[in-house]
Amino acid sequence: SPVPDYPILTTSIFTRLFASRASSGDSDVGGFPGSLKAFVDAKSGASLTRAQLRHLCLSFAYGLQHHPNTAPFANRRDTVLIYSPNSLAWPVVLFGSVAAGLRCALANSAYTSDELAHQYSDSGAKLILTSQDGLDVVQAMFAKSGIAKADAERRIIILGDDLRWADGPSAPSSPTAAGLVKMEDLLNKGNLSEEEKFEGPFANETVYLCYSSGTTGKPKGVETTHQNMTTLLDIVGAVFPALKADVDIMLGILPFSHIYGVAKLVHFPFTSGCPVVIQPRFDPVQFCAVIEKYKATISLVVPPVLVVLARHPAVDQYDLSSMEILFSGAAPLGHSLVKSVKDRLLTKRGGRGTLKITQGYGLTETSPTTHLLPVADADRKMGSIGILLPNLEARLVDDDDGKIDAAEGQPGELWVRGKTVMKGYLNNPTATKNAITPDGWFKTGDVAIRDQDGYYYIVDRRKELIKYKGFQVPPAELENILLTHPDIADAAVIGLESVKEATELPRAYIVHANPEKVKTTQAKIEFANKVVKWMETQVARHKFLRGGVGVIDVVPKSAAGKILRRELRELAKQQAER
Ligand code: 4UV
């Protein structure tokens, strides 16, 4: 990296975020006045100051350790699974659990009970923190898992929609049905005198488990450590302009359960004193309304959100002139999209003010950010993922085992090394060994080039992973599910590029178990439609087969039995042209 290295911290992530600096006394929380707002609920306007958040976290941690239901499951290094859309309660339960010494596994709030069951058991979670809306799915998950009802109910904590707890100790707690524990029941019973310290050598212990398929296979738990996170915050801060406390307002629409959201919305702005306005899900009209209402100055997005800003009629109905920085990530960002958004928003402002559209790049396995395009370079280097962050090394590799580096200016697989590379995949040494070389290089599976100024561009993806609107869609996972269908003999899933929506769309190719039944085009179409519908009952929304289903005679495979996805992509292209 062209940027000088930062000293690596050896404190826990909780201490890094919340400790008072010795000189500035009690009113200081993590280097900024405790009275500054940290998080705001977009809909109700309810908010938490930094000091309130710290108090609630320590209080929640105490509750976890002392409530008769949760205490047995809240020992240091136990895992809790968070299953909730973004909400004001989210940072409280995340950092509260961390203060109590727990690891947090983060689940997508759209998961079905089967998807959730995989993550619950794979992560070894004991407790589950769920939104009220997710309770049915959680109960269905426990019913299938064979855990007795009474035992299961002791493991559930509900994050209700009622935000009265944010008002402080006097707020009454309403009882839940079925005697389940609510988050409020754990608050204000006492205060953890000191958070669990993951200092020194312990800084290398796992704190978060987000799930990623990596280059191949099913989702795996990515072990992100305290030190991964503390390092990330410093190295991002070094390249990204300091957000200005009391001036900047960030929108919080990316899902907190994804590493991009949890790192860049729940952690990073807090280190700059910048409040985050939380929205539970992306909706074009709400997005615009919230920018206007809160005069948001910065939003972290994925490319499909920029499509909305380029085309959606709501953009004309609201005042978006406060927005100064749109920061894209998680999927490729095209030039023309950047240009249309800038043209539209700046024209609307009569050319006044500034609007920079920049981007970053990262992976769950790299905690996540490895590259950022500095805001000052956003126009000059449009389309680039930017420069390598400090404390990191990168290579562009031209062969499978890393013996040859790509020639200057030529594409190569991006490999990264440094303190933000994950500890490994949970309980999966083989996958870890395939992903990280013995000398510490992590293989991203993305193909990049570097220009003579040191700016990187992603030009291709070597891995099988599909990205729908920034979400991971692992083909192997969908293929396994398709193969459980009694009429499907074989299946392969690829991503189709949709320029219009700035995303990929998962498309399946399937072989009928009884080919006689799909001889005619009509029969093939009916079968394909049936499978598209059936998948909607099996997986979370972002994994729906929006690219459709093709019925074929045989899935093309290599001699070793590997699906030849390139051939299927070619077939899809030919079919689209027809
Ligand atoms: O593991 P994951 O789901 O992780 C992410 C993380 C995204 C970001 C993006 C910018 C940030 O500043 C940040 O903190 C986190 O998506 O998926 C990783 C894969 O997503 C693709 C690429 O294929 C990765 O291997 N990807 C991520 N960012 C970009 C991208 C990008 N800017 N351009 C192209 N592809």
Side-chain angles (χ1 to χ4, degrees), residues 106 108 208-216 219-222 224 228-229 231-233 235-237 239-240 250 254-269 298-306 325-335 337-338 357-375 378 381-389 392 394 413-416 420-422 425 435 442-449 455-474 495 497 502-504 542-543:
L106 312 181
N108 187 304
Y208 301 134
L209 289 163
C210 290
Y211 272 64
S212 166
S213 68
T215 54
T216 182
K220 297 173 268 289
V222 172
T224 303
N228 287 155
M229 290 308 295
T231 305
L232 179 90
L233 296 176
I235 67 179
V236 167
V239 176
F240 201 69
M250 190 183 274
L254 302 170
F256 292 171
S257 55
H258 185 247
I259 191 78
Y260 182 19
V262 75
K264 287 299 199 42
L265 298 178
V266 189
H267 289 71
F268 181 64
I298 172 164
S299 183
L300 273 60
V301 299
V302 290
V305 173
L306 295 177
I325 300 178
L326 291 164
F327 180 100
S328 176
L333 175 64
H335 276 235
L337 180 56
V338 173
I357 303 183
T358 188
Q359 66 169 317
Y361 162 90
L363 304 91
T364 310
E365 289 83 347
T366 52
S367 310
T369 327
T370 63
H371 291 72
L372 279 180
L373 181 61
V375 173
K381 295 284 183 182
M382 194 187 286
S384 166
I385 56 165
I387 54 171
L388 185 66
L389 297 184
L392 297 180
E413 184 182 350
L414 175 63
W415 288 17
V416 181
T420 48
V421 171
M422 65 168 175
Y425 292 115
F442 171 74
K443 308 173 189 173
T444 67
D446 292 306
V447 179
I449 56 171
Y455 290 72
Y456 289 71
Y457 298 77
I458 300 294
V459 292
D460 198 3
R461 202 183 286 152
R462 279 188 68 180
K463 52 189 169 187
E464 63 191 35
L465 177 67
I466 300 166
K467 283 251 148 148
Y468 175 72
K469 300 200 169 174
F471 290 111
Q472 291 201 2
V473 182
E497 193 189 350
T503 188
E504 289 174 289
H542 60 275
K543 298 183 201 159

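Both counts, for ligands and for their atoms, begin at 1 and track the order of listing.
To the nearest 0.5 Å, atom CE of residue Met382 and atom CD of residue Gln359 are 10.5 Å apart.
Applying the side-chain hydrogen bond (donor to acceptor under 3.5 Å, both in side chains) rule to Ser212 yields the partners Glu365, Gln472; only residues at least two apart in sequence or on another chain are considered. The side-chain hydrogen bond (donor to acceptor under 3.5 Å, both in side chains) search around Asn228 returns Thr225, not counting sequence neighbours. The side-chain contact (heavy atoms from CB on, under 4.5 Å) test applied to Glu504 returns Arg461, Ile466, Lys467, not counting sequence neighbours.
Not less than 6.0 angstrom separates the ring centroid of His267 from the ring centroid of Phe256. Aromatic pair His371/Tyr456: centroids less than 6.0 angstrom apart.
In this structure, ligand 1 sits under 4.0 Å from heavy atoms belonging to His258, Tyr260, Lys264, Phe327, Gly329, Ala330, Ala331, Pro332, Gln359, Gly360, Tyr361, Gly362, Leu363, Thr364, Pro368, Thr369, Ile385, Asp446, Arg461, Lys463, Lys467, Gln472.
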